[in-house]
Structure formats: C-alpha cells, structure tokens
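Data block below; observations after.
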2 protein chains.
Amino acid sequence: MNIGTIAQKSGVPAKTIRYYESIGLIPSASRRPNGYRDFDQDDLQTLRFIQHARGLGFAVKDVADLLALWREKKRASADVKALAMRHLESIDRKIAELGTMRRAVEHLVHRCHGDHRPECPILEDLAGDINHA
Amino acid sequence: MNIGTIAQKSGVPAKTIRYYESIGLIPSASRRPNGYRDFDQDDLQTLRFIQHARGLGFAVKDVADLLALWREKKRASADVKALAMRHLESIDRKIAELGTMRRAVEHLVHRCHGDHRPECPILEDLAGDINHA
DNA sequence: ATGTGGCTTCCAGTCATGGGAAGGTCAAGG
DNA sequence: CCTTGACCTTCCCATGACTGGAAGCCACAT
C-alpha cells in the first residue's frame with residue numbers, strides 16, 4: 001500500500017505520516033525497490049489508533065506511550081487510565097483558562113457601544129483601568 | 001529605564017520585549033551611549049496594554065491591531081468591538097472543541113477498571129471499536 | 001514523447017516565546 | 001586597581017505538531 005492510499009484510509013495526511021516516522025512514533029515503513037514506502041494492515045491499524053488518540057487531544061508523546069501500552073499485552077489498565085486521567089485534567093485546566101478569558105472578553109464586549117464614536121471601554125480597560133467590574 | 005526594570009513593572013519578560021521589538025509590535029526603543037535600551041513611561045503603558053491583551057488571549061497580530069486602534073483617536077468603537085467579538089467566537093470554538101474531547105475522554109476513563117489487569121476499553125476504543133457509547 | 005500525478009528528500013515557516021552562549025558594562029567591595 | 005556578580009547586548013537553537021514548497025525520480029496513459 002502506497003503512502004497516499006494509507007493516508008486516505010487512516011485519515012492521516014501523507015506528510016504527517018512521514019513526520020511520524022521521522023520522530024519514531026511509527027516504525028520505519030519497508031520500502032519497495034523503487035524507494036516508495038510500502039504499508040500493510042498493521043500500519044493502517046496503528047495510524048488509525050494514532051488518529052483517534054490525536055483526535056481526543058492526546059499529545060504525540062502521550063500517543064507514543066499509549067501505543068506502547070497497546071502493544072504490551074501484560075500492561076496494567078491502571079497505567080492507561082492514569083495517562084487518560086492526566087489528559088482529562090489538562091483538558092480541564094485549559095477549559096477553565098479559556099472560561100476565565102471568555103468571561104473577561106465578554107464583559108468588555110458588552111460594555112462597548114460599538115458605533116462610530118471613538119470611546120471604547122475595551123481599549124480603556126486594556127490601557128489599565130481594570131477597576132469597575 | 002533599563003529593560004529589566006520595565007520587564008518587572010510591565011510583567012513582560014525582557015526576552016519577550018526584545019522579541020516584540022524585533023517583530024515591530026512595539027517601536028524600537030531608544031539607546032543609551034552604552035548600547036542599552038532606554039524605556040520611558042509611554043513604553044511602560046504600551047507594554048502593560050500588550051500584557052493585558054495577551055492575558056485575554058488575543059493573538060499578537062490582534063494586539064497589534066488593538067494598539068493601532070488605541071493610538072488612533074478617530075477610531076470607531078465598532079472596529080474594536082468587532083475584533084473582540086471575533087476573538088470571543090474563537091474562544092467559544094476552542095471551548096466547544098475541548099468540551100467534546102473532554103466528554104469522550106471522560107467516557108473512556110469511566111469505563112476502564114484501572115487495575116492490574118490488561119483489559120482496557122480505552123485502548124480498545126482507540127484501536128477502532130468506536131461503537132458502544 | 002509528453003503529461004499527470006504520486007512518490008522521494010530536505011529546508012523553511014508557523015506561533016510566541018524560552019534557553020543558553022559569547023561578550024560588553026556597571027556598581028560595589030577588597 | 002581588580003574582581004565579582006548582575007546587568008545588558010546579539011545570535012542561534014528548541015519547542016509542538018505539523019504544513020508548504022522546491023527539486024527530482026517514478027508510473028502510467030495518451
């Protein structure tokens with residue numbers, strides 16, 4: 001299977017597959033006599049796994065760990081769960097951070113007339129008057 | 001005022017101030033005979049403005065636009081508001097995306113025993129069985 | 001023979017910094 | 001006067017996770 005084919009089937013762009021190979025996330029694909037990479041069903045499985053994990057927001061480093069656990073038949077599910085829970089916490093931190101920003105920005109937007117006049121509480125607040133919630 | 005002093009007063013690291021200068025976000029600071037940058041109160045105001053805007057998650061490019069509007073006395077507040085609203089929408093998109101991830105990851109975490117045994121729905125789902133919500 | 005599309009490698013850019021090297025400067029203390 | 005330590009300067013490299021593009025080979029159809 002050529003890289004274009006597996007890219008299509010896995011949803012991972014060819015460019016990204018080469019990148020994953022270069023950083024060692026996936027093993028180096030075997031080569032045909034003409035130099036083209038040749039992928040098999042196993043590679044497809046792996047790339048789909050990666051695609052799903054990335055889709056859930058796991059960092060590439062974490063995906064590498066998940067892949068290792070996936071291949072390790074004697075893993076303890078507690079290890080997988082711990083990794084996933086750390087990820088969940090990091091998602092929660094990001095959501096909280098964005099929520100704080102969101103409230104602040106929304107507050108500013110609310111107070112700005114948004115017309116042709118130059119007076120604008122958004123700019124005033126950014127300039128330093130952060131005392132009138 | 002040396003760069004270290006203004007860094008302290010503005011909360012923007014010296015390194016970052018030099019970077020802002022290099023990309024033209026702030027004007028080039030004047031120099032003392034010894035080559036040191038010399039900042040004044042205006043620079044401090046500007047850096048504080050930038051720091052606030054960055055703290056609200058505005059991209060550096062957007063901060064540049066906000067700075068330009070701030071300095072333009074004949075601006076229309078509608079322009080500022082529009083920029084802020086676009087930012088608000090982008091925050092909302094990110095929150096929604098993280099929320100979707102969060103629910104999926106939490107669902108997986110819930111279903112995993114997390115003990116010494118190798119069976120793990122997290123890995124199974126990532127491997128492709130995405131049909132049992 | 002020519003066109004097209006896919007494959008290869010390698011280099012550079014993205015975004016917003018942070019780290020660290022190599023070297024000049026300044027104020028204080030011995 | 002000299003040294004120490006804390007500043008400052010520029011420069012290049014690294015991050016994360018790709019993406020774009022150039023230059024060149026390969027495969028197949030017309």
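Order of the sequence lines sets the chain letters (A, B, ...), proteins ahead of strands, with each chain counted from 1.
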Give the residues of residues 11-20 of chain B touching DNA chain C, defined as any heavy atom closer than 4.0 Å, sorted by residue number. B/P13, B/K15, B/T16, B/Y19, B/Y20
Which residues satisfy the side-chain hydrogen bond (donor to acceptor under 3.5 Å, both in side chains) test with A/R18, sequence neighbours excluded? none
Tell me, please, which residues at least two apart from A/K9 pass side-chain hydrogen bond (donor to acceptor under 3.5 Å, both in side chains). none
Distance under 4.0 Å to a non-hydrogen atom of chain A counts as contact; along DNA chain D, which nucleotides mark the start and end? D/dA17 to D/dA27
Strand contacts (DNA chain D) in residues 28-37 of chain A, 4.0 angstrom heavy-atom criterion: A/N34, A/Y36
Under the ring pair (Phe, Tyr, Trp, His ring centres under 6.0 Å) definition, can you give me all pairs with a residue in residues 2-34 of chain B, not counting sequence neighbours? none
Would you list the pairs meeting side-chain hydrogen bond (donor to acceptor under 3.5 Å, both in side chains) in which at least one residue belongs to residues 25-37 of chain A, sequence neighbours left out? A/E21-A/R37, A/R32-A/D38
So A/L56 and A/H52, do their side chains get closer than 4.5 Å, heavy atoms only? no
Might you work through the side chain to side chain contact (heavy atoms under 4.5 Å, CB included) test for A/L47 and A/I50, ending with a clear yes or no? CA-CA 5 Å; A/L47 281 172; A/I50 291 170; 4.3 Å; yes
Heavy atoms only, 4.0 Å cut-off, all strands: where does B/I23 land among base, sugar-phosphate and nothing? nothing
Near DNA chain D, which residues from residues 85-102 of chain A have a heavy atom under 4.0 Å away? none
Between B/A84 and A/I122 the two heavy atoms that sit nearest each other are CB-CD1, 3.9 Å
Specify the closest pair of heavy atoms between B/S77 and A/E119, including all atoms of both residues, with the distance to one decimal. CB-O, 3.2 Å
Find the bend of the helix from C/dA1-D/dT30 to C/dG30-D/dC1 as the angle between its two terminal axes (five pairs each), to the nearest 10°. 40°
For B/I91 against A/L98, the heavy-atom pair lying closest together: CG2-O, 3.8 Å
Counting only heavy atoms not in B/M1 (residues, nucleotides, ligands), do more than 12 fall under 6.0 Å from its CE? yes
For A/A14 and A/I3, the nearest pair of non-hydrogen atoms, with its separation, is O-CD1, 3.6 Å
In terms of side-chain geometry, is the basic nitrogen of A/K81 or B/D115 positioned less than 4.0 Å from the acidic oxygen of its partner? no
Which residue pairs pass the ring pair (Phe, Tyr, Trp, His ring centres under 6.0 Å) test when at least one of the two sits in residues 56-93 of chain B, sequence neighbours left out? B/F49-B/W70, B/F58-B/H87
At a heavy-atom distance below 4.0 Å, which nucleotide of DNA chain C is the first touched by chain A, and which is the last? C/dG6 to C/dT9
If only atom types and distance count, is the side chain of A/D40 paired as donor or acceptor with the main-chain N or O of A/D43 below 3.5 Å? yes
Counting distance only, does the side-chain N/O of B/S10 pair as donor-acceptor with the main-chain N or O of B/L44 below 3.5 Å? no
Report the residues that fulfil salt bridge (charged side-chain N to carboxylate O under 4.0 Å, His left out) with B/E106, sequence neighbours left out, ordered by chain and then residue number. B/R102
Do the side-chain N and O atoms of B/H107 and B/R111 include a donor-acceptor pair separated by under 3.5 angstrom? yes
